[in-house]
Amino acid sequence: MNFNKRTHNCGELNLSAVGETITLNGWVAKKRDLGGILFIDLRDRYGITQLKINPDNKNLYDSGIKLGNEFVISATGKVIKRESINKYLPTGEIEIEVTNFEILNESETPPFNVEEDVKASDDLRLQYRYLDMRRHTLTDNLILRNNVYHIVHEYFKNFGFLEIETPILMKSTPEGARDYLVPSRVHKGKFYALPQSPQTYKQILMVAGLDKYVQICKCFRDEDLRADRQPEFTQIDLEMSFVTQEDIFQISEGFFRQVWKEIMNIDIPTPFRIMTYNDAIQTYGSDKPDLRIKGEMKIHTITESLLNSGFKVFDDVITSKGTIAAIKLEKQEVTRKSIDGITDFVKKLGLGGIAYIKIAKDGAVTSPIQKFLGEEKIKEIISNLQAEPGDTIFILSGDTKKVYPALGNLRLKLAEDFKLIDESKYEFLWIIDFPLFHYEEEENRYVGEHHIFTMPKDEFLRLLDSTSREEIESIRANCYDLVLNGTELGSGSIRIHKPGIQKKVFNIIGLTDEEAKEKFGFLLEAFQYGAPPHGGVAFGFDRLVAILCGLKSIRDVIAFPKSVSASSLMDNCPNIVEDKQLKELGISITKS
RNA sequence: GGAGUCGUAGUUCAGUUUGGUUAGAACGCCUGACUGUCACUCAGGAGGUCGCGAGUUCGAGUCUCGUCGAUUCCGCCA
């Protein structure tokens with residue numbers, strides 16, 4: 001098809017081009033027909049330029065008014081200075097006096113208006129994703145994403161990293177998330193799995209001596225979705241040999257420095273803060289604390305000062321080795337209604353209820369537990385938390401494993417309800433010293449807290465032979481999470497590189513030697529041929545880009561995201577397949 | 001797997017509390033008028049399986065149950 005090709009794009013023309021004859025290709029974004037004069041906003045990825053059609057040319061005008069939104073046209077004309085400029089448009093000082101145009105393609109009336117402030121619902125936008133992506137807000141996200149790709153390639157290349165592709169069809173492994181399975185035609189009844197991460201491959205690359213590996217890779221996990229979780233997502237995956245945790249931190253921090261410098265023009269301070277897992281839980285009730293909250297709202301453990309308080313609820317908690325802890329909300333109007341809301345909130349988290357101490361502006365103290373604890377204890381708590389008039393203290397008591405996370409959640413809720421989050425901040429934080437295992441009551445066994453290739457810290461190695469639950473759960477791992485503004489942005493560890501240690505870990509999680517050999521034999525075998533000490537980390541690419549775009553959901557930084565039930569609404573997948581295909585695979589569908 | 005919210009014109013919503021005449025508005029679409037708009041303006045018009053299926057009722061957009069889809073949270077996500 002022959003057509004007049006563009007000489008410029010729709011975002012670049014300005015006063016300096018006045019007088020030139022140019023051609024633009026693009027989509028009709030908006031038509032304004034004033035009867036004697038016709039204005040058309042022409043849109044492409046780069047911007048919008050106004051076309052003007054005069055009625056002097058009757059034929060041109062008559063065909064111009066027939067244009068509909070989203071028609072694709074090629075328009076040729078002269079760049080002229082506008083009579084009335086539009087200061088909101090980069091091209092707002094000029095317009096194109098059209099001498100001729102051709103329709104390259106017509107468009108049906110779109111199901112929703114393509115406009116920046118889109119009004120259509122999420123599912124409609126997903127169904128017509130190609131229309132949604134004509135909006136600059138979405139295009140800009142994808143452009144920013146592309147810029148981050150380039151920083152990854154460039155930054156890691158400069159440090160001698162090799163980008164190496166790893167297989168998408170791999171072996172299904174136990175542990176961790178549910179695998180997406182792919183049936184094999186050649187080997188009927190056998191299955192590949194899509195990678196949850198290229199974990200074993202990158203470790204094998206280290207054994208091979210490739211030394212520094214990085215990859216922007218797709219990962220797949222068949223678990224339920226959230227706003228920041230898709231069934232397929234992208235990671236920046238890296239691994240290095242002959243390194244310690246500090247080396248991984250350094251290379252990672254440099255990367256984020258460069259991203260923030262190039263994308264946001266912000267110098268983020270390095271090194272990042274480091275906090276142990278235990279501190280994070282006990283101080284913020286979370287292993288991914290948001291440090292942007294005004295006044296910090298740290299959790300204070302007050303179990304000690306409430307020994308023998310005489311208040312049955314607290315005494316019982318202390319007898320059963322539970323925890324009493326509190327947070328302080330500074331200088332906020334706390335109403336009866338908001339206390340009720342908070343009570344409902346903690347009940348949903350499995351706590352019986354919440355106690356509070358409210359200090360009025362005049363210093364008067366109200367608390368439903370004052371009559372049980374007495375004035376002295378209340379004063380002690382107030383001074384413990386350094387609370388002042390106008391503040392409110394919330395106190396939770398119960399099972400230690402519930403109290404801290406509940407207070408952590410309450411902290412986030414209060415921060416949101418009372419708008420205490422400083423959105424301008426970027427608070428990076430490493431969390432270290434995670435437990436290596438935790439006991440899964442339902443399955444009656446230990447499971448890896450991070451993943452099962454994580455090296456225990458040296459001083460805990462001897463406990464791998466222990467049979468005591470307390471000792472095994474006390475083992476700390478050489479692993480680390482990167483947290484940014486309350487989001488887990490990445491996770492990594494120094495890996496086990498000795499087959500003996502790896503076997504012990506497999507045994508603790510309940511894999512027999514035979515099963516370990518069957519599932520991970522190749523890795524154990526590789527470790528027998530001179531595996532170097534190695535470690536790495538993987539960062540959530542979608543989450544990173546979402547944060548840079550100021551978005552909470554990762555959906556709008558992905559060109560073709562899935563809905564919350566893991567469907568693609570545009571192409572209607574997943575879907576049934578031909579019987580013939582199933583037959584070839586030896587698969588029959590059972591009715592549940 | 002569990003809980004919440006939502007589903008009405010092409011789109012975004014109102015109407016559902018308390019069942020009752022012909023289901024409304026805005027944007028979009030169609031027709032006409034208009035020579036400096038940029039949310040153009042003005043006049044007129046078309047457009048509805050109230051997600052789907054049962055039930056209650058003389059009567060259901062409205063009440064009940066089921067189901068499908070979207071979305072948020074819990075479980076889950078090494």
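On a predicted model such as this, the values are computed, not experimentally measured, just so you know. A, B, ... follow the sequence lines: proteins, then strands. Residue 1 opens every chain.
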Give the intermediate values and the outcome of side-chain hydrogen bond (donor to acceptor under 3.5 Å, both in side chains) for residues A:Gln235 and A:Ser197. CA-CA 8 Å; A:Gln235 283 193 341; A:Ser197 85; 5.2 Å; no
Applying the 3.5 Å cut-off to both distances, the Watson-Crick or G-U partner of B:G69 turns out to be B:C6
Is there a donor N/O on one and an acceptor N/O on the other, under 3.5 Å, for the side chain of A:Asn69 and the base of B:G28? no
side-chain contact (heavy atoms from CB on, under 4.5 Å) filter on A:Leu169, not counting sequence neighbours, yields A:Val182, A:Tyr192, A:Leu194
Test for a donor-acceptor pair under 3.5 Å between the base of B:C77 and the side chain of A:Arg229, counting only N and O atoms.
yes
With the side chain defined as heavy atoms from C-beta on, A:Arg226 is closest, among B:C74, B:C40, B:C77, to B:C74
Taken to the nearest 0.5 Å, the spacing of A:Gln245 CD from A:Lys457 NZ works out to 6.0 Å
Under a 3.5 Å limit on both distances, the Watson-Crick or wobble mate of B:G19 is none
From CG of A:Asp122 across to C1' of B:U72 the rounded distance in Å is 11 Å
For nucleotides 41-47 of chain B, which of its nitrogen or oxygen atoms have a protein nitrogen or oxygen under 3.5 Å away, and what is each distance?
none

When rounded to whole Å, the CG to P distance for the pair A:Leu569 and B:G69 reads 10 Å
Of A:Gly448 and A:Ser565, the one whose nearest nucleotide on RNA chain B sits closer to the 5' end is A:Ser565
Expected rows: protein N/O vs nucleotides 5-8 of chain B N/O, under 3.5 Å:
none

